[in-house]
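In what follows, a structure is listed as structure tokens, so that the remarks can point back to it.
Here the structure is a predicted model, which means the values were calculated and not measured. Order of the sequence lines sets the chain letters (A, B, ...), proteins ahead of strands, with each chain counted from 1.
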Amino acid sequence: MSYEPRIVLSVEGVHAGYGHVSVVRGIDLRVAEGELVTLIGANGAGKSTLLKTIVGLVSPTAGTIHFLEQDITRMRPDRAVRAGLALVPEGRMLFGPMTVEENLELGAHARDRSDSAEDLKRVFDLFPVLQERRSQTAATLSGGEQQMLAVARALMARPRLLLLDEPSLGLAPKVIKEIFAALDRLKAEGLTILLVEQDARLALKHADRGYVMRTGSIALAGNAADLLADDDVRLIYLGAWHGEGESS
Amino acid sequence: MGRARIDIRTIVPLALLAVLVFGVPLLSADRYLLKVLTFVGVNVIIVTGMALLFGYAGQVSLGHAAFYGIGAYTSAYVVTSLGWPWLAGVAAAIVLTSVGGLLLALPSLRLKGHYLAMATLGFGEIMRVVFVEARGLTGGPDGFSGIPFPSLVGISIDSAGGNYWLIWGVVTVVLAFSANLVRSRVGRAMRALHGSESGALACGIDLTGLKVRVFVISAALAGLAGALYAHVVGFISPSTFSLHVSVLLVAMAVLGGTRSLAGPVLAAILLTTIPFADAVIPGLSRSALETIQEWQEDVYGLTIIAVMIFVPGGLAGALRRISALGRRAG
């Protein structure tokens, strides 16, 4: 590449945790415009906490976070969404008693605008099953459909950076394939994505670059293809440990 | 606030309710019945606020009788002792309870569930003591008497029918406002807050701002009800605004069910009428009524337990099932 792509997210020296327990210990991470970057690692490595720190759900104890040149360190979550970050949270956190359409409209809440019809069309095009289920309540959807709804809800905010926390968790292989196909499509359309995944092999297959987290720090970083081929990564994260992580 | 939408589903039931409700004084000249129903209207106003707070935003307050009291004493004091016009008294009650709601909401936002309930309970008890001890303002334990009837453009509304119309007129406005609010963008955010706080955060909903706003609205509605009550009854005392009343208000909201205005309104009508059953059931014997009044708390308790067991989702759940049946039959 002859030009330097714009940095969308820049995390520098971030420490974070809960009370006296430090979970994230000095993380440096960058995501450039149009990239799909994945953050992999075993359970308890601090991946989700880092994601929560970026969107403002957890307050960092040190370090800075910049989003499109704007300092968003310790920014309130609702402001972060307004700034252009949208999180697909672990466990989806849908509004069960509300309809698919209401869930989607809530995704557009932060934009303060009523032109959500166009966005609805876009997400229904991405996940046609949601259109069929639009007046059903979210609680009646299957696990895979719920995950699609969670992704679609985040897209309704028209994010500049989409953050996903374990989108494959607890889903059947066929559904996981569909969701990752949707992520590929979003990336092809130019969306910048930061993906936290426990299924390292799957994540690296779809990503441009990857960071491997271990006990709160970055153990390895590099191109997704190199990481897939890296002996250490294969041994530690794509081998036996991976299977163990799934069961716990 | 989001733009309010006028919706046919709001208009039709409200219009029916209005015709039914406003016809009562034309059909009956029974002053006792009108007074009971006026009191029912006052409770409907407070419970509407509780429905927004508890049923939509998922926040519990055990201190709403205090806002009811602050509204009542404020209007009673500025109108009776300072000679302000009645409408100014109502406005003062709304302003003061809004500010009180804001002051209570800000520290309480760090609390959730039982802890929020405890904080509001503490506030209620503090205010109960203030009502008793601030004799110069409230008349102390003997109460505040001689409060003039409501008056508009210099005309005193002193008949039972007039007061009834006044209160139910306000009830209609409050219900129309609330029905629009819950259908608006803000209302959707309120329901989201009840569903999943972390989901609401992920959607970029300003949780703090939303909770404060709903708390202030519900406090102001209790204050408005208090100001209406004080002038319609003419006498107020601390016992009217005790913890017992706060608990009863929560009971109405719970009995009514969540994500509904109609359910809590029905519950308010039902529970408020129980001790005055003779007003709506002609020929109910004196001794039967006395039994009901003596066992009032137990009747409330049993009603709530029965609803919890046999009507899941409260009265709102029952209403939803009836309307679903109606749709299937039609």
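The greatest number of non-hydrogen atom pairs below 4.5 Å with chain A, out of B/Gly199, B/Ala200, B/Ala202, B/Gly209, is found for B/Gly199. Taking chain B as the reference chain and counting heavy-atom pairs below 4.5 Å, the highest number among A/Gly56, A/Pro97, A/Gly96, A/Pro89 is found for A/Pro97.
Heavy atoms closer than 4.5 Å to chain B are found in the backbone of A/Leu94, but not in its side chain. Interface remark: A/Leu85 contributes no atoms to any contact with chain B (heavy atom separation under 4.5 Å).
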Intermediate values then yes/no, side-chain hydrogen bond (donor to acceptor under 3.5 Å, both in side chains), B/Ser218 and B/His64: CA-CA 8 Å; B/Ser218 72; B/His64 261 55; 2.9 Å; yes

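The number of heavy atoms from other shown groups lying within 6.0 Å of CD (A/Glu189) is above 12.
Salt bridge B/Lys211/B/Glu197: present, at least one basic N to carboxylate O contact under 4.0 Å. A salt bridge between B/Asp206 and B/Arg213 is absent, with no side-chain N of the basic residue lying under 4.0 Å from a carboxylate O of the acidic one.
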